[in-house]
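Lettering of chains follows the sequences in order, A, B, ..., and the numbering in each one begins at 1.
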Amino acid sequence: MTRDPSITFAAPMNEIRTEVAASIVAAVPGLVVADVYRQLESPPDPAMGDFAFPCFTIRDRFGNAPPPAVATQLAAKVARPASILKVETKGPYVNFFADPGALAKSVLVAAHAAGEGYGRNEMGKGETVVIDFSSPNIAKPLGIAHLRSTVIGNGIRRLWQACGYTVIGVNHLGDWGTNFGKLISAWKKWGSEEELKLKGVEFLKDLLVKFTETAKLDPAYQQDARDWFRKLETGDAAAKALWQHFRDISLTEFKRVYALLNVDFDSWSGESDYVDKMDAAIKELEAKGLTSHSEGAYVVDLSAHGFKEPFLLRKADEASLYGTRDLAAILYRRRHYGAKKLIYVVAADQKLHFKQLFKVASLLGLDAEPVHVDFGLMRIVNAEGQREKMATRKGTIVLLQDVLQSAIDRVNEIIVDREWDEAKKARIAHAVGIGAVIFNDLSRTRTKDIDFNLQQMLDFDPETKAFKGETGPYLQYTFARLSSALRKYGKPVSGEVDFKLLATDDDKGVARQIGRYPQIVHDAATRYEPSIVSRFLIDLSGEVNRFWKQQRILSDDAGLTAARVLLVSSARQVLRSGLALLGIEAPEEM
RNA sequence: GUCCCCGUAGCUCAGUUGGAUAGAGCGGCGGUUUCCUAAACCGCAGGUCGUGCGUUCGAAUCGCACCGGGGACACCA
């Protein structure tokens, strides 16, 4: 599916690939270009060629000869396409070596023509998707665990935009529920406007923790909290005013962190916005006869659909649950935005919840595709050396703001001697520090759990004062190097150059990576996997830096310089574009 | 107990959806700068792909079983 050749967009490598497939089909009657195209692989080592055709499946057309013999016969029959330099047999494979000039031309003409739009496609033209991400709980500080949903969601949002979709980014704030009964109850007992002003959300969290501990010993507290939540849900003015106050304080703090991360949302409607839509959703369920009572609660029985547990609509005390609000929200998003796809970027521990939710929604006839994009948990290693889920109540929370700040501090150590004014230093420290943190998260497959480790997150050598290895700063550094060379060049980049001059393996290595980009964007979007972009940018930067060491861009040879300037400017453009997809800035200098 | 995710070099991870000799980064050892940013580049060392069966011309990749880590399993979100 990710290699569906019917999806066409500016993917220059695919043109040469099609030529290769056509040449094989011409040599072996009966084969279909699309099939052969799909079977073409990239050899594990560029020294083995650019495209490889495995001969295992066409043995029957060669008298069931062993694959290596088939390869030899096929190679002899293939008419070499124009953009292919040579055709070689290696074991069961027929390998095609793209002509460096032809490869460079096909890639760079496309990249230059598309400009900043290179890599985008029109797959989703006219369609809308809603993506729910970040979605923190009010009255708890943003912890490092919130980083995952925020940056993965932001990445997916940008990827789908790059595929032509209209994307609505929703921050579904956790601003409703029994917790707020507890919080109000706690506030009535121990609240202090002064402390709240001083400590902000941290103070609200302390109140909740204190309440939870006290309530363990005295059940009367629980009852008080339930009463307060009921008042809140039935519109009690005093309760509502306090809730609004806590919400405002939290939001102000959250927005500061989002600004640091360069993340924004189209909608901030949280759970509370669906309180007045829950009854309508429940009525729809009732109209279809899907509701029932069980153990005092009001539920949707899902046992006929392979679920042991029912979907809870109302608790025994009539109070709503987050599932009820999620149900109202999913219907609203489909109807209000006309979305064909509803994406939820939420940790893997909620898989069951979303399976149930999606099932209930489909029983109501939801005609959109809901997708739970799950990701691994951020774990913390506790005092006994055991991994466990981070939890606000256990105090095992690392503040996101603190992590971001220490990243920025480290960059400041590096650039302290640069001859820049303070504003510029601050700007670059911010871009690079935040880039390090975001990339660290987005560079691994999203379903894997992560052990929180600040040291590892900010892989930093105090001796040389530098970030090392496969990091955000590595990509930014590569970008800055290229920017520097182009600044020095100082002239407009021409798209009309002699591509044959880009003849070295180093030139070809860079061009090949640039050519992969459109397919990378497509694959990363359809697999909801920003790390595909991250890995690609590492590969591209590796090629660029190897090139940088081995070759010169600016030289006395005007023709070669012009060609290499085009190559390098395209690479730089892809770096900036790819980093932007990940939500990472690309400073010109660092 | 049932279900889900993960297990690849000392550490952190890739592995083109079943193909060639399993690749990077960090850490270790050794190199590279009269020249566009050395936050870089090159080389060396380091692997029974958790274990065992099976499917296949071919398995890190698919199936089954087991081991280890994490998570979920109705009135929290």
| task | Would you mind checking if Lys216(A) and Glu213(A) are paired as a salt bridge, meaning a charged N to carboxylate O distance below 4.0 Å? | result | no
| remark: Pairing partner of rC41(B), by Watson-Crick or G-U wobble and under 3.5 Å for both distances, is rG31(B)
| task | Assign each of Arg418(A) and Ile532(A) to its nearest nucleotide of RNA chain B by heavy atoms, then name whichever residue's nucleotide is nearer the 5' end. | result | Ile532(A)
| said: Quick one: does any side-chain atom of Glu585(A) pair with a main-chain N or O of Arg427(A) as donor and acceptor, under 3.5 Å? | reply: no
| message | Looking at Arg516(A) and Asp539(A), is there a salt bridge between them, counting it only when a charged N and a carboxylate O are closer than 4.0 Å? | response | yes
| request: Give one of base, sugar-phosphate or nothing for Ile414(A), where a contact means two heavy atoms less than 4.0 Å apart. | output: base
| query | Is Gln455(A) touching bases, backbone alone, or none of the nucleic acid, heavy atoms closer than 4.0 Å? | reply | nothing
| Taking the same atom, C1', in rC11(B) and in rU21(B), what whole-Å distance lies between them? | 25 Å
| task | Write down the partner of rA14(B) under the Watson-Crick or G-U wobble criteria, each distance required to be under 3.5 Å. | result | none
| request: Using a 4.0 Å heavy-atom cut-off across all strands, classify Ala52(A) as base, sugar-phosphate, or nothing. | output: base
| field | Interatomic distance at C1', rA22(B) relative to rG58(B), whole Å | value | 15 Å
| said: Tell me whether the side-chain N/O atoms of Arg325(A) come closer than 4.0 Å to OP1 or OP2 in rA77(B). | reply: yes
| note | Of the listed rA39(B), rA20(B), rG69(B), the closest approach to the Met590(A) side chain comes from rA39(B)
| message | It should be established whether Lys389(A) places a side-chain nitrogen or oxygen under 4.0 Å from OP1 or OP2 of nucleotide rA72(B). | response | yes
| Using the P atom in both, what is the distance from rA45(B) to rC36(B), to the nearest Å? | 34 Å
| query | When we call it a touch if two heavy atoms are under 4.0 Å apart, what does Arg379(A) touch: a base, just sugar-phosphate, or nothing? | reply | sugar-phosphate
| task | Could you please name the partner base of rU61(B), counting Watson-Crick and G-U wobble pairs only when both distances are under 3.5 Å? | result | none
| field | Nearest-neighbour nucleotide for the Arg552(A) side chain, rA39(B), rA74(B), rC35(B) considered | value | rC35(B)
| Trp548(A) vs rC35(B): side-chain N/O to OP1/OP2 distance below 4.0 Å | no
| said: Pairing donors with acceptors under 3.5 angstrom, does anything connect the side chains of Tyr221(A) and Ser185(A)? | reply: no
| Distance test, side-chain N/O of Tyr477(A) to OP1/OP2 of rA38(B), below 4.0 Å | yes
| request: Please state the C1' separation for the pair rU51(B) and rG69(B) - nearest whole angstrom. | output: 16 Å
| So, Ser406(A) versus Asp409(A): side-chain donor-acceptor pair below 3.5 Å or not? | no
| message | Just confirming the chi classification of rU17(B), syn or anti, using 90° around 0 as the syn window. | response | syn
| said: For a quick check of understanding: with a heavy-atom distance under 4.0 Å over all strands, which category does Ala316(A) fall into, base, sugar-phosphate or nothing? | reply: base
| Any idea which of rA77(B), rA20(B), rG27(B) is nearest the Lys468(A) side chain? | rG27(B)
| query | For atom C1', what is the distance between rG71(B) and rA77(B), given to the nearest Å? | reply | 16 Å
| Between rA14(B) atom C1' and Gln513(A) atom CD, what is the distance in whole Å? | 14 Å
| field | Pairwise C1' distance for rC49(B) and rG18(B), with rounding to whole Å | value | 15 Å
| message | Walk me through whether Arg572(A) and Glu588(A) qualify under salt bridge (charged side-chain N to carboxylate O under 4.0 Å, His left out). | response | CA-CA 10 Å; Arg572(A) 176 173 170 276; Glu588(A) 302 273 333; 3.0 Å; yes
| said: Check the orientation of His353(A) and Phe311(A). Use parallel for under 30°, tilted for 30 to 60°, and perpendicular for over 60°. | reply: parallel
| said: What does the B/S/- profile of nucleotides 5-12 of chain B look like, 5' to 3', with a 4.0 Å heavy-atom cutoff to protein? | reply: SSS----S
| query | Do Arg546(A) and Asp506(A) meet the salt-bridge criterion of a basic N to acidic O distance under 4.0 Å? | reply | no
| request: Determine: side-chain N/O of Tyr474(A) to OP1/OP2 of rC41(B), distance under 4.0 Å, yes or no. | output: yes
| message | Distance check, C1' atoms only: rG25(B) and rA20(B), in whole angstrom units. | response | 25 Å
| field | Any Thr445(A) side-chain N or O less than 4.0 Å from OP1/OP2 of rA14(B) | value | yes
| said: Could you tell me the Watson-Crick or G-U partner of rU48(B), where both distances fall under 3.5 Å? Say none if there is no partner. | reply: none
| request: Select one nucleotide: of rC26(B), rC76(B), rC36(B), the one nearest the side-chain heavy atoms of Asn179(A). | output: rC76(B)
| field | Distance-only donor-acceptor check, side chains Ser320(A) and Glu233(A), under 3.5 Å | value | yes
| said: Which is more 5' along RNA chain B, the nucleotide nearest Ser294(A) or the one nearest Thr478(A)? Just name the residue. | reply: Thr478(A)
| note | pair_partner(rC73(B)), Watson-Crick or wobble, both distances < 3.5 Å, evaluates to rG1(B)
| message | How many whole angstroms separate atom CD1 of Ile520(A) from atom C1' of rA14(B)? | response | 12 Å
| query | Should Arg481(A) be listed as having a side-chain N or O under 4.0 Å from OP1 or OP2 of rC36(B)? | reply | no
| query | Under 3.5 Å, is there a donor-acceptor pair linking the side chains of Asp301(A) and Ser292(A)? | reply | no
| Is there a donor and acceptor pair closer than 3.5 Å between the side chain of Tyr322(A) and the base of rA77(B)? | yes
| What interatomic distance, in whole Å, is found between C1' of rA39(B) and the corresponding atom of rU61(B)? | 36 Å
| request: Tell me which nucleotide among rA77(B), rA72(B), rC13(B) gets nearest to the side chain of Glu271(A). | output: rA77(B)
| request: Decide yes or no, distance alone: a donor-acceptor N/O pair under 3.5 angstrom between the base of rU17(B) and the side-chain of Arg527(A). | output: yes
| rU32(B) base to Lys549(A) side chain: any donor-acceptor pair below 3.5 Å? | yes
| Have Gln39(A) and Asp35(A) got a donor and an acceptor in their side chains that come within less than 3.5 Å? | no
| Quick one: does Asn95(A) reach the base of rA20(B) with a side-chain donor-acceptor pair under 3.5 Å? | yes
